[in-house]
Peer 1: 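Got a structure for you, written out below as structure tokens; questions coming shortly.
All heavy atoms count here, side chains included; hydrogens, waters and symmetry mates do not. So you know, we letter chains A, B, ... as the sequences are listed, proteins then strands, and number each from 1. In this text the structure is predicted, and so the values were computed from the model without any measurement.
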Number of protein chains: 2
Amino acid sequence: MTRLFKSGESLTYPTQEEYLDSISVDCVIFSFHEGEIKVLLNKLLKSENWMLPGGFVRVDENVDDAACRVLNIRTGLDDVFLKQFHLFGECNRLDFSDNKKFIEDLNMDADVAKWYLRRFVTMGYYALVEYTKVNLNVYHDVEELDWFSLNKLPNLYSDHRHIIDGAISSIRIQLGYVPVGFQLLPEKFTMPELRMVYEAIIGKELDRRNFQRKMLSVGLITKLEEKRKTGAHKAPYLYSFNKDRYAEAERSGMYLMSWSSSFF
Amino acid sequence: MTRLFKSGESLTYPTQEEYLDSISVDCVIFSFHEGEIKVLLNKLLKSENWMLPGGFVRVDENVDDAACRVLNIRTGLDDVFLKQFHLFGECNRLDFSDNKKFIEDLNMDADVAKWYLRRFVTMGYYALVEYTKVNLNVYHDVEELDWFSLNKLPNLYSDHRHIIDGAISSIRIQLGYVPVGFQLLPEKFTMPELRMVYEAIIGKELDRRNFQRKMLSVGLITKLEEKRKTGAHKAPYLYSFNKDRYAEAERSGMYLMSWSSSFF
DNA sequence: TCAAAAGTGTTATTGCTACACCCATGT
DNA sequence: ACATGGGTGTAGCAATAACACTTTTGA
């Protein structure tokens, strides 16, 4: 079985009849693990460069659904926070020397190869997923698939580094509108965990006590009675995210929390 | 001369060799005039529906540049605040019955007609322009082109109403990051004018005095010595936007001003 | 019993809201 | 002279930043 670079599915090569020309989707899939923000990347066995999970758009498929499909194939996840953030439309964004290499490596037919030498603009999506819920779906015969810390990214294909940077800065800007922490953490989480998520995203330490007050004042999380033991110290309380309230807040104009300028 | 729907240029029909398949750009061009936010729309003479100025992407052209080109053709403007806000990628977003109608009306060749019966995903851009600087470039033999108040929009083609709504809500969300007022107003403007822009965008009256204090506290506008006479009352001072400072603020993480939740 | 990390509380400062008052101008 | 709308100031309240002390727990 040949696993296809950037194909949403694993069995067929993309053809002009089945997929839209010129446009692809790429997903920057974020999770939070061991105190760090991680990005999911894959790499063809013979290649040097890691890539974002991406794919093409079927002729009868919404672009957003194509992104969902790509995400689902790699992670098994269905109901995910997935958001457009930028269209990368530069005409020379792709490094075709990379493509030529894997066309050779994979021994592609000439007409399939042509597909990979076309210009593609790509819609960048970012996803926020819960690390433990992900079931990495790796096609071991052709590729690797793994999480990378945002601070220690490997060599990346074409403009994919640029795409990742765009995703993270979009998230920073949207911090007031998007319930980032709750998407990245499991149902029950501790306040220190939530704070670590924010600290990792903005790259800055936050005051423990002020952070807690602020988060609680928004009214979207509920304190539970349970605690979690995490080492040689007092056990922190668990909290849960109030999805109903969030849905309501989202309808009525959203705006979760205002961060003062000095926050950044 | 045949003016072409959605073609960036006016003289040639788009063909598969010259333009990217499947993707188009649409510009929601905003200005501010007589206390209202206006949107620039065009309409084929024989059609009922108004459209956003849009176009296709040349095979050797960045998508963002295509949007610039579309904007430039209609307004004559060059250096404009133009920003992606959403990709409209639904596979049934276009109303082909509309397209069939103008294919007939314009008496298009069969192979050109085919182009207009394809699926296109469209990148939505919004632009903020200064009303007085715009030179409307109308192709009188085939179309009308005019400003419409955001509150009194005419019938719109396909999903263009939806696109406009998306643009305005993006702007609302980005109010803290984008120097909206300064883009929409001329170099010299009065504080009441600036306030009216914000009021028009958020659809809410703002306190004169608090608004002034807030705007000045950001440090991006300079009070001038001149005043402008505007009727039977005290003449308001003129202010100017400090572009250098803004450029600096933009580099160093931006964030112009934080609006408290109650602002919305 | 000590270090590490959590919980809670206080105070000073800043920012925001909601006002009141004065000033310039055309009719 | 008066209505209209702009300029400036202030008191009360709310949010934020900075910081101290206590509690729990494993080693």
Peer 1: Return the residues of residues 187-197 of chain B meeting this criterion: a heavy atom under 4.0 Å from some atom of DNA chain C. Order them by number, or give none.
Peer 2: none
Peer 1: Among residues two or more places apart or on two chains, list those pairs meeting salt bridge (Lys or Arg N to Asp or Glu O under 4.0 Å) that have a residue in residues 147-158 of chain B.
Peer 2: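 As it turns out, the salt bridge (Lys or Arg N to Asp or Glu O under 4.0 Å) pairs with a partner in residues 147-158 of chain B, which skip direct neighbours, are B/Glu36-B/Lys152.
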Peer 1: Go through residues 231-239 of chain B and report each residue with a non-hydrogen atom lying under 4.0 Å from DNA chain D, sorted by number.
Peer 2: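 Those residues are B/Ala232, B/His233, B/Lys234, B/Pro236, B/Tyr237.
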Peer 1: Does a donor on one side chain and an acceptor on the other come within less than 3.5 Å for B/Glu144 and B/Asn42?
Peer 2: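 No.
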Peer 1: Answer yes or no: side-chain N or O of B/Arg208 and base N or O of C/dA18 forming a donor-acceptor pair under 3.5 Å.
Peer 2: no
Peer 1: If only side-chain N and O atoms count, and only distance matters, is there a donor-acceptor pair under 3.5 Å linking A/Arg69 with A/Asn72?
Peer 2: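 The answer is no; no qualifying pair exists.
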Peer 1: What salt bridge (Lys or Arg N to Asp or Glu O under 4.0 Å) pairs are there with at least one residue in residues 158-168 of chain B, not counting sequence neighbours?
Peer 2: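 Of all non-adjacent pairs touching residues 158-168 of chain B, those that pass salt bridge (Lys or Arg N to Asp or Glu O under 4.0 Å) are B/Arg93-B/Asp159, B/Arg161-B/Asp165.
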Peer 1: Would you work out how much the helix from C/dT1-D/dA27 to C/dT27-D/dA1 bends between its ends, with each end axis defined by five base pairs, to 10 degrees?
Peer 2: 0°
Peer 1: Between the side chains of B/Glu187 and B/Tyr239, is a donor N or O closer than 3.5 angstrom to an acceptor N or O?
Peer 2: no
Peer 1: Hey, does the side chain of A/Lys214 come within less than 4.0 Å of D/dA15's phosphate (OP1/OP2), counting only N and O?
Peer 2: no
Peer 1: Of all residues at least two apart in sequence or in a different chain, which pass the side chain to side chain donor-acceptor pair (under 3.5 Å) check with B/Glu199?
Peer 2: B/Arg195
Peer 1: Determine whether a donor-acceptor pair (one donor, one acceptor, N or O, separation below 3.5 Å) exists between the side chain of A/Arg209 and the base of D/dA17.
Peer 2: no
